[in-house]
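Reviewing the structure listed below.
Hydrogens, waters and symmetry mates are skipped; everything else that's a heavy atom, side chains included, is used. Being a predicted model, the structure only gives us computed values, none of them experimental.
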Amino acid sequence: MNKVLSKKGLTVCLAVAVIVIVVGAFLAGFVGYNPDSTHKNYSVIEVTDAGYSASDAQDEFVNFCKDEISKTYAVSDVKVTQSYTTGTSVFTYYVDGTPDRAFCDKLETAIAGCTIEGVNGALASVTFHEGIDQNYSDYVWRTAVGAAVAFVLLFVYVAIRFRLGMGVTVLIAGVHDALLLLALAAIVRLPVSPAFAGVAVFVLLLSGLLNLFVFGRMRTDLRTDEFKAKSASEAVSDSVRNARPAVLVVSAAIAVVAVILAVVGVFTGIDLTFAMIAALIGIALATYSALVVSPAVYALIKQTWDAKRAEKAKYNYSSDKKKKEAKPAEAAGELE
């Protein structure tokens, strides 16, 4: 019998998980999660050109405005939005710093005096505003709430298609995986962003699929006479051993893809690398949950339910035996 599937082994696994979750919750509560590079407040200057400009003139106009803005503020990005129905173009400049109305008036004066052919600077207007990114903690709690809803639905599905005990086990495994992923993200200081929420959802789906595969194999094995003769822990352990190669192959294949994307992120954007590191942690958690935590929980549930069924069967057998013994005695009394 696998020692991990024993009650003592399960207690150790859950105790370690609780310690990690408590440490992660402490860090998240008092230090906070580490936001990614895109999570920061920003200031923008918008130049609206109400007159139609040819593409070549428009490009020159965009560069002219950028040069004028760069004299005071560093421009980190430029976005162009154009309406072909009204002929209005909006050029959005993301800047470091906080512009004011006086600067916008100065920029409007410079634009009005520009001598770019095909551009009427007098029709341009300049505005500014500040933007505030959504707090990264919102992504964390939305992920947790979404995961909770998903696993309640998964619990209902597994309980109906497989067994109630398996449904309870999948629900416990889902909560275990979600809390550990959030805790480890806080402990290792992984950047949290919308990408992290997407990774978390993917990992939780993977956890559910791997658990479904293991329980599907287990349901098939437990119906055979060979497994019926075994104890709950032995039957679950042997069934998990049969499912383990396929689970490891799937997890390894997905992990390889995550590693490749992480390497790509080093050259294209470090946020992708961090997201893939979170994915690798999640893949490891989903695999561990499907092969260790879930079987250990279900082995304990099955052992308890098997004992109750055996006790009930023993009680029914004793009752039937007493009734059979009572019938000859009643018959003898009637003869007398």
Open item on the list: I need the Ile21 CD1 to Leu179 CG distance, nearest 0.5 Å.
Closed with: 4.5 Å

Open item on the list: Using side-chain heavy atoms (C-beta onward) and a distance below 4.5 Å, is Phe128 in contact with Thr98?
Closed with: no

Open item on the list: For Ser43, is there any backbone N or O sitting under 3.5 Å from a side-chain donor or acceptor partner on Tyr93?
Closed with: no

Task: Validation row: Val240, Val247 side chains within 4.5 angstrom (heavy atoms) - done: no

TODO: Would you please test Asp49 and Val90 for side-chain contact (heavy atoms from CB on, under 4.5 Å) and show each step?
DONE: CA-CA 6 Å; Asp49 180 14; Val90 178; over 6 Å; no

Open item on the list: With a 4.5 Å cut-off on side-chain heavy-atom distances among I, L, V, M, F, W and Y, is there a chain of contacts connecting Ile270 to Phe267?
Closed with: no

- [ ] Could you tell me the separation between the CD1 atom of Ile172 and the CG atom of Asn211, rounded to the nearest 0.5 Å?
- [x] 11.0 Å

- [ ] Any side-chain hydrogen bond (donor to acceptor under 3.5 Å, both in side chains) involving residues 175-184? Give me the pairs, sequence neighbours left out, ordered by first then second residue.
- [x] Asp177-Ser207, Asp177-Ser289

Task: Hydrophobic cluster of Val18, others only, ordered by chain and residue number, side-chain cut-off 4.5 Å - done: Val22

Open item on the list: Using side-chain heavy atoms (C-beta onward) and a distance below 4.5 Å, is Tyr157 in contact with Val170?
Closed with: no

TODO: Would you indicate whether the side-chain heavy atoms of Val259 and Met276 approach each other to under 4.5 Å?
DONE: no

Open item on the list: Run the side-chain hydrogen bond (donor to acceptor under 3.5 Å, both in side chains) test against Tyr298 and tell me which residues pass, sequence neighbours left out.
Closed with: Arg163

- [ ] Could you tell me whether a side-chain N or O of Arg223 sits under 3.5 Å from a main-chain N or O of Met218, the two making a donor and an acceptor?
- [x] no

Task: Salt-bridge criterion met for Arg101 and Asp105 (N-O under 4.0 Å) - done: yes

TODO: Using the six-membered ring wherever Trp is involved, compare the ring planes of Phe26 and Phe30 and label them parallel, tilted or perpendicular (cut-offs 30° and 60°).
DONE: tilted

- [ ] Step through the shown structure and confirm whether more than 12 heavy atoms of other residues, nucleotides or ligands are within 6.0 Å of NZ on Lys66.
- [x] no

- [ ] Return yes if a side-chain donor-acceptor contact under 3.5 Å exists between Ser231 and Gln303, otherwise no.
- [x] no

Open item on the list: Quick check against the 3.5 Å criterion: does Glu108 have a side-chain atom that pairs as donor or acceptor with the backbone of Val126?
Closed with: yes

Open item on the list: Using side-chain heavy atoms (C-beta onward) and a distance below 4.5 Å, is Val292 in contact with Cys13?
Closed with: yes

TODO: Say whether, by atom type as modelled, one donor and one acceptor occur between the side chain of Ser294 and the main chain of Ala290 under 3.5 angstrom.
DONE: no

Task: 4.5 Å side-chain heavy-atom contact, Tyr94 and Lys79 - done: yes

Open item on the list: Restricting to non-hydrogen atoms, name the atom on Ile283 and the atom on Ser251 that form the minimum distance, rounded to 0.1 Å.
Closed with: CG2-O, 3.8 Å

Task: Cation-pi check, Lys230 onto Phe227 ring (under 6.0 Å, within 45° of axis) - done: yes

Open item on the list: Is there a continuous path of hydrophobic side-chain contacts, each under 4.5 Å between heavy atoms, that joins Phe215 to Val250?
Closed with: yes

Open item on the list: Just so I know, are the side chains of Thr127 and Cys104 near enough to count as touching, which here means a heavy-atom distance under 4.5 Å?
Closed with: no

Task: Test side-chain contact (heavy atoms from CB on, under 4.5 Å) applied to Phe103 and Ile45, step by step - done: CA-CA 10 Å; Phe103 174 81; Ile45 297 173; 3.4 Å; yes

Open item on the list: Closer than 3.5 angstrom, by distance alone: can the side chain of Thr224 be matched with the main-chain N or O of Asp221 as a donor-acceptor pair?
Closed with: yes

TODO: Report yes if some heavy atom in the side chain of Glu68 is under 4.5 Å from a heavy atom in the side chain of Lys106; otherwise report no.
DONE: no

